[in-house]
Protein chains: 2
Amino acid sequence: MNLKQLAESLNLSQTTVSRALNGYPEVREETRARVLAAAQAANYQPNSRARRLATGRAMTIGHVIPLAGKTEMVNPIFADFLAGAGEVYANEGYDLLLSIVSDGEAERAYRQMAANGSVDGVMIQSPETDDTRIALLRELGLPFLVHGRTQNPDGYSWLDVANKSAFRKATNFLLDLGHRRIALINGQENLDFAARRRAGYAEAIWSRGMAPNPDWMRADVMTEGFGYVAASKMLDLAETPTAFLVSSVIPAIGVRRAVVERGLVLGRDISLVTHDDVLSYMNNDADGPAFTATRSSIRGAGQRCAEILIDLIRKPNQPHVQELWETELTVGRSTGPAPAG
Amino acid sequence: MNLKQLAESLNLSQTTVSRALNGYPEVREETRARVLAAAQAANYQPNSRARRLATGRAMTIGHVIPLAGKTEMVNPIFADFLAGAGEVYANEGYDLLLSIVSDGEAERAYRQMAANGSVDGVMIQSPETDDTRIALLRELGLPFLVHGRTQNPDGYSWLDVANKSAFRKATNFLLDLGHRRIALINGQENLDFAARRRAGYAEAIWSRGMAPNPDWMRADVMTEGFGYVAASKMLDLAETPTAFLVSSVIPAIGVRRAVVERGLVLGRDISLVTHDDVLSYMNNDADGPAFTATRSSIRGAGQRCAEILIDLIRKPNQPHVQELWETELTVGRSTGPAPAG
DNA sequence: AGCGGCGTTCAAAGCGCTTTGAGCATATGG
DNA sequence: CCATATGCTCAAAGCGCTTTGAACGCCGCT
């Protein structure tokens, strides 16, 4: 059933039927009711391809997800972010176009989306400190929102977590517990969030008159295996850390494995603070928080990002939206006073 | 730049330019070369909205992802499955439309996709033993492929892992090690894969003249927290299991946490076999396989599923494709002979 | 009676492509 | 030299909507 047939069956013009369905005011209420009833009865749905061509709007938002590292893995936080954003998109009538590309192919993907008009805007995630995508999208004139930000966060819209202050707070928390040898297991430090976390960590250490020790700092794609390997190596050093500060729950699980394997007890022999994105399947709260953590829901961020982006699409030429979310530090069972000695 | 302008700039008709770009034979090679060069120079990309309307094809495949459980979580395996499928889609020129819906909203999402023609086919994941989506999509006439299958797997195309035999093998492996008290930490058993795994587990136990013990069997959404809680309860029973068979690496990590917390050592005091979907960020192989596991790459499945579905879309009226993948059992460090007594 | 304004409806143009059917050369065969 | 085939190109129709601009009937006003 298409609009023409529906209009004919009602003895109305396509114009009137279209207007009735789309809520335009120049249609008599009685007529609108008739149209709505007939549409309902016939299970009429306007063809989205035709509608998109006619309106010039794609009613679609693009997410380009780059595969990270040599092993091309998908950052698991994307799933929860998408869940949050997708919910808002659905409510607002937008589709979500997902493009998963190898590292380096992202630019081509954005250019294509802009050129062939398949999306009205795009979401950028996990930017590098000096991310080239921002200049590109500005050039392409495609509305976009960045989840995270770059070193120079001016001139575009973003939503970010206060990474630096979160890791400063977490480091201070460990320092206050008496820890002096604190390790940092970070994400890839070309990514802005990781660079800021490292800065917060270093700042706290410097502020106590100490210097960060490179032996106790590692950064890589945040897998369970990386956490395990990084912590293992540090725990085999002559001078081992007494505490770990970890960038995500996933590598934190690897750290825990390395700790336990050495017969050490988390929260007693070794302390661990992690950033917790509140991943749904990695709930840190079953039976009380296992890890002491700075937390900020990635899913909540996805929702808010979607709201902002849609607003940016609907009302162009508005000032840039920039939102910074503070994190809370939840004390769990993975931290305790530094062991004597 | 649109087709009309491009054609004018070349002094050719839109017809010829369109044909040249789309590789039709009735165009002189010299002309085609001219057109291609001009298109390249102008960075011309056909407007996808117009193309879709004209061809009647959406060049898009839909994935409807239901949020599971009361907490509405996203099954983390979806990310890796999407990565695999997305790669193939991109190569074949298809877009990926992602719809994330609350449980129970899935039917509406499929109906809408079918009615408004936004997709050419859909992928179904994690079917229930008697999944209603299959009848629905058949009724809607929308091509689809099921990753997994239902109790009655006839009359539609699917790709599945041999779940029953995998868990039979895994259980026998534990039985052969002398374990007699084997627990099953399963996914939600309304899902077909979980039901089959349970059947394989039970079959192996019955075949040794024993009976499965309900106290040692739990099933729920496969989170780390669920694994932890389920294993904790079992380890606090008067008669505790000596081995755990777990449906995914994620709850297996929770089981490990519960085991370690009780001062027990995995692979010595307690054995653990898990199914490993080879999630990229949960690599079970950093430093040798931590868990003994039946494994089958979810990402590989995504790739193959995408290939099959595209083929189904391109050539309708072909016989159903049904593919069953066997798993391999990799012995890691989480299993050992049953402790004496 | 004539006029403007309002509420309602319509025919037709347009979105930017693909595809059909026709047309015009040029080549081929009888 | 005509008839037919072949290679290449074109104008125009069509995909199913939205949106513009016009038209129609009716009302109240002067």
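Here the structure is a predicted model, which is why all the values come from computation and not from measurement. Throughout, protein chains are lettered first and strands after them, A, B, ... in sequence-line order, and every chain is numbered starting at 1.
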Output yes when at least one side-chain N/O atom of B:Thr16 is less than 4.0 Å from OP1 or OP2 of D:dT9, else no. no
Ignoring hydrogens and angles, tell me if any N or O in the side chain of [X] forms a donor-acceptor pair with the backbone of [Y] under 3.5 Å.
X: B:Glu87; Y: B:Leu82; answer: no
X: A:Asn75; Y: A:Ile77; answer: yes
X: B:Arg34; Y: B:Leu10; answer: yes

Any stem touching DNA chain D, meaning at least three consecutive Watson-Crick or G-U pairs under 3.5 Å, ordered by first number, would be C:1-30 with D:1-30
If we ignore angles and hydrogens, is there a donor and acceptor under 3.5 Å between the side chains of A:Tyr89 and B:Ser99? no
Does anyone know the first and last nucleotide of DNA chain C in reach of chain A, 5' to 3', at under 4.0 angstrom to a heavy atom? C:dT8 to C:dG16
With heavy atoms under 4.0 Å as the rule, sort [X] into base, sugar-phosphate or nothing.
X: A:Thr31; answer: sugar-phosphate
X: B:Asn11; answer: sugar-phosphate
X: B:Thr15; answer: base

In whole Å, what is the span from the CG atom of B:Leu12 to the P atom of D:dA11? 10 Å
Interatomic distance where CD belongs to B:Glu8 and P belongs to D:dC10 [whole Å]: 12 Å
Take A:Thr15 and A:Ser18, measure what side chain to side chain donor-acceptor pair (under 3.5 Å) needs, and give me the verdict at the end. CA-CA 5 Å; A:Thr15 310; A:Ser18 171; over 6 Å; no
B:Glu26: partners by salt bridge (charged side-chain N to carboxylate O under 4.0 Å, His left out), with sequence neighbours left out: none
5'-most by nearest nucleotide on DNA chain D - B:Val17 or A:Gln14: B:Val17
Contact nearer the 5' end of DNA chain D, comparing A:Leu3 with A:Arg19: A:Leu3
May I ask you to decide whether A:Glu139 forms a salt bridge with A:Arg133, counting only side-chain N to carboxylate O separations under 4.0 Å? no
Pairing of A:Arg57 and A:Asp120 as salt bridge, 4.0 angstrom limit: no
Taking the six-membered ring for Trp and the single ring otherwise, decide whether the centroids of A:Phe193 and A:His147 are under 6.0 Å apart. no
